[in-house]
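Below: the structure, in structure tokens.
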Amino acid sequence: MFLYEICGSWMDHPFMNTQFLLKDSADVDKIRNSAIVAVWIDTARGAEAKLNKAEGEPADVSNVSETSRPIEALANSSSLEATVDLNEEIARAATICGQAKEAVTNMFREARMGKAVAAEELEPLVAEISGSVMRNPGALISLARLKDKDDYTYLHSVAVCGLMIALARQLKFDEPQAHEAGLAGLLHDLGKAAIPLEILNKPGKLTDTEFEKIKSHPVRGYEMLIEGGSVGEIPLDVCLRHHEKTSGRGYPDGLDAASLSLHAKMGAVCDVYDAITSERPYKNGWDPATAIRKMNEWQDGHFDEPVFQAFVKTVGIYPVGSLVRLDSGMLAVVNEVSHGNLLAPIVKTFYCTHRNVRLPPGVIDLAASAQRIVAWESPANWHFPDLEELWSGIDQHAARQAGAA
């Protein structure tokens with residue numbers, strides 16, 4: 001077999017390379033006896049594939065589904081283009097996040113008081129978020145990910161708004177449609193205003209009764225928006241359907257792929273990505289690269305495959321903030337996604353694994369460099385306290401408090 005990638009930290013395995021033809025039984029034993037829990041195998045490059053090729057027959061990869069391939073297989077170029085660099089946009093994005101958090105907090109407060117939601121008042125905010133995403137898709141989306149557990153409900157709506165707009169652009173929506181998708185993202189979790197805060201913020205496992213209350217929020221939000229009477233079909237649809245799955249095992253109605261709109265499928269992907277990369281009362285968030293890989297591994301009909309592939313092209317194989325290892329032995333944090341080559345982002349190097357020392361940060365555009373990424377790294381294995389500061393230029397505490405600025 002051809003070993004395409006060893007999942008996890010380079011410290012977990014005894015091999016110098018992470019890509020090689022696995023033909024020695026001793027190497028198989030090393031894998032089994034190490035801390036490795038998963039590997040990717042490239043069936044098109046193994047010994048059997050080479051034998052088929054030598055015999056003039058194509059390798060049979062018909063049983064390999066698109067989602068079972070390494071995430072790098074989705075790394076076609078993106079249609080998104082940044083007009084300003086991330087460092088220039090990040091300050092404006094922080095201000096927009098602060099304004100958005102205040103607006104969404106007020107919306108939830110009024111909804112809890114039984115007041116009708118005036119969604120039209122959010123239109124200028126959606127336009128501001130859209131403008132930031134147009135200038136640089138990674139700035140606001142990545143900054144909104146850095147939220148305190150107490151801010152999750154509010155800034156989650158802001159993050160999903162930005163993700164929906166960016167994904168809509170990737171899918172070639174026109175401006176009015178992209179705006180509606182963004183408004184849908186901002187309103188999708190409104191029904192959580194009807195859920196008691198002690199359940200929303202519970203740090204431990206929910207009881208079955210509590211979880212049933214959580215599962216009621218799509219319907220409750222839909223009812224609130226209907227009562228307000230000021231939103232169109234797209235926000236209503238995403239609010240009601242963002243927890244449906246293409247397999248038919250979602251809620252509230254268990255609809256399958258054929259019954260779900262494109263906007264609902266978009267909402268499902270954007271909602272999950274921000275949820276699993278955010279700090280929650282009951283769990284720590286995954287780093288962005290881990291989240292993308294995990295979502296790619298879910299083959300239970302969770303996401304619509306074309307929508308997920310478009311989403312990967314939106315945020316990148318290695319999203320902003322990802323920790324990666326270069327073939328030079330340097331560790332780097334992804335500073336900006338290169339949408340012309342999703343495997344070659346702009347990174348900021350800061351650590352040498354050969355000497356185990358921190359170095360002055362240096363920016364490298366991998367698209368114009370001989371260096372390349374050989375592995376993603378889990379921040380949990382390294383405990384660097386300033387990863388967020390490295391890519392954002394804002395100290396970590398300030399970045400996580402951006403919503404309150």
Side-chain angles (χ1 to χ4, degrees), residues 2-13 15-20 36-42 45 69-78 80 82 85-86 137-138 141-142 145 273 277 286-297 309 311-384 386-388 390-392:
F2 187 87
L3 196 66
Y4 182 89
E5 180 182 349
I6 297 172
C7 300
S9 170
W10 63 276
M11 296 186 295
D12 292 341
H13 64 79
F15 303 107
M16 291 294 294
N17 298 317
T18 58
Q19 293 189 353
F20 57 90
I36 297 169
V37 296
V39 299
W40 287 104
I41 300 298
D42 188 342
R45 297 165 70 183
R69 295 173 183 169
I71 188 67
E72 286 79 6
L74 305 181
N76 296 323
S77 62
S78 166
L80 301 184
D85 65 31
L86 183 135
I141 289 170
S142 301
R145 177 175 55 82
Y273 175 78
T277 56
W286 284 335
D287 67 279
T290 297
I292 288 293
R293 289 169 183 271
K294 292 291 186 183
M295 291 171 72
N296 183 57
E297 291 168 5
Q309 290 187 20
F311 184 79
V312 172
K313 294 176 184 179
T314 301
V315 300
I317 299 293
Y318 304 103
V320 172
S322 301
L323 181 64
V324 296
R325 178 162 51 93
L326 307 183
D327 54 5
S328 63
M330 300 285 284
L331 294 187
V333 63
V334 175
N335 211 41
E336 194 156 359
V337 174
S338 172
H339 291 287
N341 185 348
L342 297 181
L343 293 176
I346 298 172
V347 301
K348 186 174 288 187
T349 58
F350 66 97
Y351 190 86
C352 177
T353 61
H354 297 315
R355 292 184 288 155
N356 293 321
V357 294
R358 286 288 295 250
L359 300 172
V363 176
I364 300 176
D365 183 352
L366 295 179
S369 170
Q371 295 193 66
R372 65 184 182 89
I373 294 173
V374 294
W376 60 275
E377 294 284 343
S378 172
N381 293 334
W382 291 94
H383 307 293
F384 295 120
D386 57 345
L387 284 181
E388 318 295 5
L390 282 168
W391 67 260
S392 69

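Treat the numbers as computed from the prediction; the structure is a model and nothing was measured. Values reported hereafter were calculated over all heavy atoms of this structure, with side chains retained and with hydrogens, waters and symmetry mates removed.
By the side-chain contact (heavy atoms from CB on, under 4.5 Å) test, T314 is found to be paired with L80, A166, L167, Q170, residues two or more places apart in sequence or in another chain being considered.
If you take CG on L387 and CZ on F350, they are separated by 5.0 Å, rounding to the nearest 0.5 Å. Summarising the geometry, atom OH belonging to Y351 is positioned 11.0 Å from atom CG belonging to L323; distances are rounded to the nearest 0.5 Å. For the atom pair L331 CG and L326 CG, the distance stands at 8.0 Å (nearest 0.5 Å). Note that CD of Q371 is 7.0 Å distant from CG of L366, once rounded to the nearest 0.5 Å. Taking CD1 from I364 and CZ from R372, the interatomic distance works out to 14.0 Å, rounded to the nearest 0.5 Å. Rounding to the nearest 0.5 angstrom, the gap separating the NZ atom in K313 from the NE2 atom in H339 is 12.5 Å.
The closest side-chain heavy-atom distance from F384 to V333 is not below 4.5 Å. You'll find the side chain of I292 reaches within 4.5 Å of the side chain of F311, heavy atoms only. Contact annotation: the side chain of Y318 never approaches that of L342 to less than 4.5 Å [non-hydrogen atoms, C-beta and beyond]. Using a 4.5 Å cut-off on side-chain heavy atoms (C-beta onward), E377 and T353 make no contact. Counting only heavy atoms from C-beta outward, the side chains of S322 and W391 never approach each other to under 4.5 Å.
Closest approach of N335 and L86 over heavy atoms only: O-CD1, 3.5 Å. Closest heavy-atom contact between M330 and T349: CE-CB, 3.8 Å. The shortest heavy-atom contact between G321 and R145 is CA-NH2, 4.1 Å. Scanning all heavy atoms of the two residues, the minimum distance from V363 to K348 falls at CG2-CE, 4.0 Å. Contact detail for S142 and V320: the closest heavy-atom pair is OG-CB, 3.2 Å.
Between the side chains of D287 and T290, at least one donor N or O lies within less than 3.5 Å of an accepting N or O.
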query = So V334 and V324, side chain to side chain contact (heavy atoms under 4.5 Å, CB included) or not? Walk me through it.
reply = CA-CA 7 Å; V334 175; V324 296; 4.2 Å; yes
